[in-house]
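Lettering of chains follows the sequences in order, A, B, ..., and the numbering in each one begins at 1. Basis for what follows: all heavy atoms, side chains included, without hydrogens, waters or symmetry-related copies.
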There are 2 protein chains.
Amino acid sequence: MAETDNSAIDLEIIAQGGAGKPELRLWLRMLSTTKLISQEIRRRLRAEFGATLPQFDLLAQLYREREGLRLGELSKRTMVTNGNVTGLVERLEADGFVIRETPDGDRRVTVAKLTPRGETYFSAMAAAHEGWLRDIMADVEPATVSTLLGEIGIVKASANNHLSAGPAD
Amino acid sequence: MAETDNSAIDLEIIAQGGAGKPELRLWLRMLSTTKLISQEIRRRLRAEFGATLPQFDLLAQLYREREGLRLGELSKRTMVTNGNVTGLVERLEADGFVIRETPDGDRRVTVAKLTPRGETYFSAMAAAHEGWLRDIMADVEPATVSTLLGEIGIVKASANNHLSAGPAD
DNA sequence: CGGCAATATTTGAAATGTCAAAGGTTTCGG
DNA sequence: CCGAAACCTTTGACATTTCAAATATTGCCG
C-alpha cells in the first residue's frame, strides 16, 4: 500500500490496499491533493489577508470584468450555487470590496462589481497567491506541469461528457 | 495617480484560462476538475443513497478498520477538522450506521465503529461509487490514468513539503 | 390587454467547514 | 502524591455549501 506516499493524511486508503481500480485510485489522489493545497491556500489567505477562498475566487472573477457581473454569471464561473453567491456578495459588500446595483433595463438582475478598495485588495492577494502556488509546486518539473495541464484537461472533458445532468459549460 | 501606482500592473491575467503562470493554470484546472467531479458524485450519492460525500468518506475509513477508529484518527484520515468529525459521527450515529464507545483504558478517547447496518449500507455505496468513477473517466485512456496517478503524486509530495505548518506528519 | 411561462435572485433548512477556546483525562516531574 | 503539561474531544461563533421553495420581474402568446 506504500507507493510513493508516506503521508498520514491520505484519503486514498479508501481504495482496497492500493490494488484497486485505477480510476478510483486516480480520483482519490486528485481529491486528496486538491484538498491539501486548498487548505494551504486558505490558511495563508486567512493569515495574511483575512479572506476566505470563495471570496478570493469571486473577487478574481470581478477583477477580470471591470464592468461587473450578474450574480447568475458569477455563480456559473465560480461553480458556486446561486443562493451561495447571494451571501458571499452580501459579506463582501459589507466589507466595502464590492457593490451591487440593478441595471435600469431589467430589474430582476443584480450586478456586482469591485469597488476601488476591492481592486487594491484583490491585487495584493493575487500577487501573493501566485507566489504561493509556485512555492507549493516548487518540486514539480516544468515539463510535468505542462503534461499535467493537458491530461487533466482530458479528465475534465470526460467528466463533463458524463454528467447525469448533461454537459455543462 | 502619477507616481506611486504600482499596485495593479501585470495582474490582469490572474485567474484567467488563457495565459499566465503555468503553476497557477495547473492549479485552477485541478481545482475546477475536482469540483466538477465532486459535484457529480455528491449528486448521485444523494439521489441514490441519501448520503453526503463527507459521510461516505468517513464510513469508508471505518469500513477499512473494523475495530473502529478514534475520532482524532478519523479527522486525520478524512482531512476534516476535529470539531467537524464530532458532528459527522453524531449524525451517523443517529442514523444507526455508527456507534461511539469509550475504551476502558483511556476515558479521553472516543472510538467510532460501523454497525452491521452501516457495513451493509457502505458496501452498496462503495460498489456504486466505483462504477460512477469508471463512467466519469470513460474517455480517459488507461495509459493516461496511469501517468496521471504518478504525476499528481509528485504534485502532492511537493505540496506536502512546502506547507507553512511543515510537512503533514 | 391579461395571464403564464421563463428568468433571476433571495430565502430557509440542514450539513459541512474553519478556528479558537473550554472540558475532561492522563501522564509525568518533583 | 500534586500540580503542570500533554492529550483528546466537544463546544461555539461564523462562513460556506447544497437543494428546494418563495419572490420578483420580464417577455410572450392568445
Please check if the distance between the ring centroids of B:Phe56 and B:Phe122 is under 6.0 Å. yes
Decide, yes or no, whether a salt bridge links A:Glu40 with A:Arg43 under the criterion of side-chain N to carboxylate O below 4.0 Å. yes
Whole-Å distance separating the CD atom of A:Glu40 from the C1' atom of C:dT18: 15 Å
Value in whole Å for how far the P atom of C:dT9 lies from CD of A:Glu93: 14 Å
What is the distance, to the nearest angstrom, from the CG atom on B:Leu71 to the P atom on C:dG24? 18 Å
Here the gap from B:Arg100 atom CZ to B:Thr102 atom OG1, rounded to the nearest 0.5 Å, amounts to 9.0 Å
Taking CG from A:Leu74 and C1' from C:dA8, how many angstroms apart are they, rounded to a whole number? 13 Å
Both B:Arg70 and A:Asp104 contact DNA chain D. Which one's nearest nucleotide lies toward the 5' end? B:Arg70
A:Glu90 CD - C:dG12 C1' separation (whole Å): 13 Å
Exercise answer: donor-acceptor pairs, residues 135-143 of chain B side-chain atoms, under 3.5 Å, sequence neighbours excluded:
from: B:Asp135; atom 1: OD1; to: A:His162; atom 2: ND1; distance (Å): 3.3
from: B:Asp135; atom 1: OD2; to: B:Arg44; atom 2: NH2; distance (Å): 3.3
from: B:Asp139; atom 1: OD1; to: A:His162; atom 2: NE2; distance (Å): 3.1
from: B:Asp139; atom 1: OD2; to: A:His162; atom 2: NE2; distance (Å): 3.3

With sequence neighbours left out, write down each residue that passes side-chain contact (heavy atoms from CB on, under 4.5 Å) with B:Thr86, or none if nothing qualifies. B:Glu90
Letter by letter from the 5' end, nucleotides 14-25 of chain D scores (B base, S sugar-phosphate only, - none; protein heavy atoms under 4.0 Å) -SBBBS-----B
Taking only Lys NZ, Arg NE, NH1 and NH2, and the carboxylate oxygens of Asp or Glu, determine whether B:Arg134 and A:Glu23 approach each other closer than 4.0 Å. no
